[in-house]
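In this text the structure is predicted, and so the values were computed from the model without any measurement.
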Amino acid sequence: MSATDRTRTQPFLALSWLHLKYQFLETVRIPIAVLGNMLFPSLTMFFFVVPQTGVANNPLFATTAVAGLSLFAVCSASLFTYGLGVAEDRQLPFYPFLRSLPAGPGPQMVARVLNGGIFSLFGLLPLIIIGWLFTSATVTLGQLLAGIGTILAVSVPFVLLGMTIGYSLSAKAALPVVQIVLFPMAFAGGLFLPPQMFPGWLDAISQATPTRAGRDLLVQATTGAEAYALALPVLAGWTLLFVVLATVAYRNDEGRRFR
């Protein structure tokens with residue numbers, strides 16, 4: 001790497017770290033924002049998985065349930081962090097000035113992605129502990145690492161969807177839209193009920209959703225059960241679509257503010 005490249009890279013990394021630090025601090029200063037993402041999937045696990053001995057005492061079923069709720073925790077963190085978080089930031093008086101700085105949007109975007117990833121992992125911890133203590137869910141170290149890597153990769157389309165919502169709507173509109181999008185996608189994707197319980201027509205619709213594709217890829221990583229053949233192409237297709245939508249939303253917002 002040349003001296004010029006180093007001088008360009010170091011400020012970018014330093015600014016990304018600075019944005020990450022302050023975004024993290026802003027988030028933890030509102031404890032309910034952190035606890036909500038951790039509690040809802042954990043309570044769902046306690047009320048709907050642990051009491052069902054047929055599920056909790058079966059290693060495959062229990063591990064699959066933990067995987068599905070883990071993906072829900074990541075989807076929730078991604079949509080609320082980027083959807084509601086970006087929309088709220090856009091309403092701050094300081095944000096237009098921040099967008100106009102010569103550093104560009106890169107450091108802030110990198111920090112936002114990393115911050116969302118951190119809080120997504122926080123949401124996984126109680127689920128892993130509950131699954132370990134109260135069910136027969138079991139994974140090898142290799143499967144655990146593969147699952148964490150898979151879930152972070154699977155979170156990408158939901159991060160992009162959150163950014164699309166955040167740059168397109170006000171905070172008041174973003175909150176209900178995130179809720180309307182999140183829960184139907186979670187149910188249709190089999191994050192709460194196993195897709196094996198779906199009728200044929202619903203299973204076909206489910207396989208076209210990013211949540212079902214991500215869920216099956218995560219289950220494959222943690223249990224070895226084969227995902228349906230189109231899971232990866234479906235997830236890639238949604239990711240590409242959300243890349244386009246997030247880019248258009250960002251540019252439209254920039255045009256409204258700096259025209």
Mind checking the CG-CD spacing from D203 to Q196? Nearest 0.5 Å is all I need. 8.0 Å
Using the ring-ring contact (aromatic ring centres under 6.0 Å, His included) rule, take Y82 and F158 through it: C-alpha gap first, then chi angles, then the decisive distance, then the call. CA-CA 9 Å; Y82 301 105; F158 302 102; over 10 Å; no
So, taking the atom named OG1 in T140 and the one named CG in L144, what distance separates them when rounded to the nearest 0.5 Å? 8.0 Å
Inter-residue atom distance I118.CD1 - F24.CZ, 0.5 Å rounding: 6.0 Å
Contact between F134 and V49 at the side-chain level, heavy atoms closer than 4.5 Å - yes or no? no
Before you tell me yes or no, could you show the steps for R90 and Y167 under side-chain contact (heavy atoms from CB on, under 4.5 Å), namely the whole-Å CA-CA distance, both residues' side-chain angles and the distance that decides it to 0.1 Å? CA-CA 8 Å; R90 288 171 55 235; Y167 283 116; 3.7 Å; yes
Carefully, step by step, assess F72 and F40 under the rule ring-ring contact (aromatic ring centres under 6.0 Å, His included). CA-CA 10 Å; F72 174 76; F40 185 80; 5.5 Å; yes
Non-hydrogen atoms of E88 and A171 that approach each other most closely: CG-CB, 3.7 Å
For the side chain of W238 and the backbone of A208, is there at least one donor-acceptor N/O pair under 3.5 Å apart? yes
Do V66 and M45 come close enough that some side-chain heavy atom pair is under 4.5 Å? yes
Closest heavy-atom contact between S78 and V159? OG-CG2, 3.8 Å
Hey, quick one: are V55 and V219 part of the same hydrophobic cluster, counting side-chain heavy atoms closer than 4.5 Å, chains of contacts allowed? no
How many angstroms lie between CD1 in I180 and CD1 in I165, if you round to the nearest 0.5 Å? 10.0 Å
Verify side-chain contact (heavy atoms from CB on, under 4.5 Å) between W17 and L20, making sure each step is shown before the conclusion. CA-CA 5 Å; W17 168 252; L20 174 61; 4.1 Å; yes
Heavy-atom nearest pair, T63 first then P59, reads OG1-O, 2.6 Å
Same apolar cluster (I L V M F W Y, side chains within < 4.5 Å links), I205/V181: no
Straight-line distance of N58 CG to T135 OG1, nearest 0.5 Å: 10.0 Å
All side chain to side chain contact (heavy atoms under 4.5 Å, CB included) counterparts of D216, not counting sequence neighbours: R212, A227, Y228
OG1 of T222 to CG of L145, rounded to nearest 0.5 Å, is 12.5 Å
For A249 and T164, work out which heavy atoms get closest and say how close. CB-O, 3.8 Å
With sequence neighbours left out, write down each residue that passes ring-ring contact (aromatic ring centres under 6.0 Å, His included) with F61, or none if nothing qualifies. none
Short question: side chain of T209, backbone of S206 - any donor-acceptor pair under 3.5 Å? yes
Starting from L217, can I reach L152 by hopping between I/L/V/M/F/W/Y residues whose side chains sit under 4.5 Å apart? yes
Just so I know, are the side chains of L218 and V154 near enough to count as touching, which here means a heavy-atom distance under 4.5 Å? no
Nearest heavy-atom contact between A221 and T150 is CB-OG1, 3.5 Å
Verify side-chain contact (heavy atoms from CB on, under 4.5 Å) between L124 and I151, making sure each step is shown before the conclusion. CA-CA 10 Å; L124 301 183; I151 205 167; 3.9 Å; yes
Quick one: does any side-chain atom of T211 pair with a main-chain N or O of M185 as donor and acceptor, under 3.5 Å? yes
Identify the two heavy atoms, one from L69 and one from L191, that lie closest to each other, and give their separation to 0.1 Å. CD2-O, 3.9 Å
With sequence neighbours left out, what residues match R215 under side chain to side chain donor-acceptor pair (under 3.5 Å)? none
If you group Ile, Leu, Val, Met, Phe, Trp and Tyr by side-chain heavy-atom gaps below 4.5 Å, do L245 and L240 land in one group? no
Quick one, L182 with S76, criterion side-chain contact (heavy atoms from CB on, under 4.5 Å). Give me CA distance, side-chain angles, the key distance, then yes/no. CA-CA 7 Å; L182 175 62; S76 177; 3.9 Å; yes
Are V234 and P210 close enough that some pair of their side-chain heavy atoms sits under 4.5 Å apart? no
Group every Ile, Leu, Val, Met, Phe, Trp and Tyr by side-chain heavy-atom contacts under 4.5 Å, then state whether L127 and F46 land in the same group. yes
